[in-house]
Number of protein chains: 2
Amino acid sequence: MDLPVTIKDVARRAKVAVSTASSALNGKPYVSEKTRLKVIKAAAELDYYPHLVARSLARGQTKDLGIINPIPIEAVFSSKFFLQLIKGMHDAAFKNSYTLSLYIVNNEEEAITQIRSIVKGRSADGLIITNPTIKTSYLMELKKCSFPFVLVGRPPEDEREICYVDSDNVMVSYMALRYLIKLGHTRVAFVTGPNKFTFCIDRLRGYKLALEEAGISYDENLVLECDLSEIDTYCTVSRALNGKIKFSAIFATSEIQTIGTIKAIKDKGLDIPADIVVGGVDFSLTYLQPITVTVDLHPYDLGYLAAEMLIKNINNENSRKTKILVPADLIVGDSIPVYNGKN
Amino acid sequence: MDLPVTIKDVARRAKVAVSTASSALNGKPYVSEKTRLKVIKAAAELDYYPHLVARSLARGQTKDLGIINPIPIEAVFSSKFFLQLIKGMHDAAFKNSYTLSLYIVNNEEEAITQIRSIVKGRSADGLIITNPTIKTSYLMELKKCSFPFVLVGRPPEDEREICYVDSDNVMVSYMALRYLIKLGHTRVAFVTGPNKFTFCIDRLRGYKLALEEAGISYDENLVLECDLSEIDTYCTVSRALNGKIKFSAIFATSEIQTIGTIKAIKDKGLDIPADIVVGGVDFSLTYLQPITVTVDLHPYDLGYLAAEMLIKNINNENSRKTKILVPADLIVGDSIPVYNGKN
DNA sequence: CTGTTAGCGCCTTCAA
DNA sequence: TTGAAGGCGCTAACAG
């Protein structure tokens, strides 16, 4: 490692005081152009670069955002989704001269420990919590000490004043369902996850809304609730296909669930979309398996906006806005057979 | 934010000097048990937690590892692979009390800028570079200043003394090919990426090795080189399927390429595995599309070992070991038709 | 406009 | 075994 060059060296070479060098380098308006030039020249000649940790200590801010994902990373609904989310955060952070630290924990317990350590150790200026669950114990922790944080995903209703960014999940399924209904489907099965996830609650609401609007009565037998795994979805959908409840289309609320659904349909010897039309959310494998409709949640935007919002909170520039909804887009597949009433 | 409690407060409450409090808290052996207890008690009562940035400055180390991915994150061979890699790094880092910072850049240019900023700003103690490309300009940067770093992926041959962790890529394809050959296939197409990636070079070597061992002559027409995208793979494989070169099995060297390959086969109206047997690497969609054989690269282990190696380098505990190969595992599908000579 | 002084919070010699 | 003092590198308040 080269001998580190400090601002002292720069000051000496430019023949000014350390504080002057600092002011010059940081663009303080009161520094004369002449000295500024001298300092900048000296810094360049020495290839000076500020010691970021020292700066953090002096300024009282780390310029770092922590990301905490309180569920097992394997359980993340889609790896691609998650990576895009992070990429979005990164870009917003980078643009504002922040860095990103990643804290991977497996459950709420660990999340609390981690949060406490970050908050009290002041190793980040703010926190982004992805995949928040209903267990809000760790939110308490944060609110208690008024540490800036933003959720990606809607918190439970009773959590007021919590900043979050989320898809408009009611719209997500509403749009997809409306589309399927337009194709002629009146009996659309709805594959969703546990109601402890707010996004599942919202998407079910959208599902009902679309039915209602179309004058189709809601049949709770068509709602297939399973956990968010491929295997459980597979079993549940298989059971439904073998049951007496009939449906001509099926809509799954996550990529993982869409995969499980497709598998169940195929193993039953049915064709997609001839025998049954499939809709999904956040399904990125359309190249391998086209489906009639899917919804793009724009994870990049979710991440970008979350980081941006957090940075505003940190700088107290937030206009008391506590929620941002990112509109989702309907992605319509190539071959959309209008339902002919069979099935 | 609560008023931050510093070590001064702890010292005052324990009625000792600051330095004594520090020594006690950091487990220095010369502190008497009595004072240690007093200090620990005081710290607990005040809910003291050290200011990590201040500690970093004083100790001259950040306890943070930077991760740099010098290719577009969309181009990462598999999101799942990448996430598992990160998870492995995280666990190794966490175990050793390090944190992880993620730097996402889109190309080598940006990588260089980012690296310089991290190294000179001393905002990390070491760097892990994933998906290293042949362009080694940024490696120069690092070697020049002797900053600890580790690659995930083999560097070019001429780069000696560079620490890296990688799969044994020769074995990867060797194993898979040997398996396919055992099933009776003598003409196996090999879908691979540009030769500028070391892993492609190595895997081609393994392919040849397996053929050679089985006494099958190498036919370069069976090597389908395309870029690492689904679409290019699709086109290349489609062309091959329509061409006059015949093969009964096909082996693709990444998840993305496996997807493109499968798609091409299906669009041609062929059945997998009845008409053509497919092998892949790092293919995680076997649930949706079973294939005869795939290779698990154990990305978690790759990440874990890379981070561990880096930490050892940082602490000068490395026994001059510069390379770690992680053995891959063959994953054999359920239905493995022994090739009957047709096709 | 520039330089002096005083921290940021912690750790580490070095005396006592 | 403890404590006083100095320093990590940078920034900010205040004189001048």
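This structure is a prediction, so every number in the text was calculated from the model and none was measured. Lettering follows sequence order; numbering is per chain, from 1.
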Once you round it to whole Å, what is the distance between [atom2] of [N] and [atom1] of [X]?
{"X": "L25(B)", "N": "dG9(C)", "atom1": "CG", "atom2": "P", "result": "16 Å"}
{"X": "R122(A)", "N": "dG9(C)", "atom1": "CZ", "atom2": "C1'", "result": "8 Å"}
{"X": "K38(B)", "N": "dT1(D)", "atom1": "NZ", "atom2": "C1'", "result": "12 Å"}

Donor/acceptor link under 3.5 angstrom from T35(B) side chain onto base of dT2(D): no
Side-chain-base donor-acceptor pair under 3.5 Å for T6(B) and dG9(C): no
Ring geometry between H90(B) and F94(B) (parallel below 30°, tilted from 30 to 60°, perpendicular above 60°): parallel
Touch check for [X], heavy atoms < 4.0 angstrom, all strands: base, sugar-phosphate only, or nothing?
{"X": "S32(B)", "value": "sugar-phosphate"}
{"X": "K28(B)", "value": "sugar-phosphate"}
{"X": "V16(B)", "value": "sugar-phosphate"}

To the side chain of [X], which of [options] is closest?
{"X": "H51(A)", "options": "dT2(C), dG9(D), dG3(C)", "result": "dG9(D)"}
{"X": "A58(A)", "options": "dC10(D), dC10(C), dT2(C)", "result": "dC10(D)"}
{"X": "Y30(B)", "options": "dT12(C), dG9(D), dT1(D)", "result": "dT1(D)"}
{"X": "L57(A)", "options": "dT12(C), dG9(D), dT4(C)", "result": "dG9(D)"}
{"X": "A17(B)", "options": "dC11(C), dG3(D), dT4(C)", "result": "dG3(D)"}
{"X": "A54(B)", "options": "dT11(D), dG9(C), dG3(D)", "result": "dG9(C)"}

Greater than 12 external heavy atoms within 6.0 Å of K80(B)'s NZ: no
CD/E161(A): more than 12 non-hydrogen atoms of other groups inside 6.0 Å: no
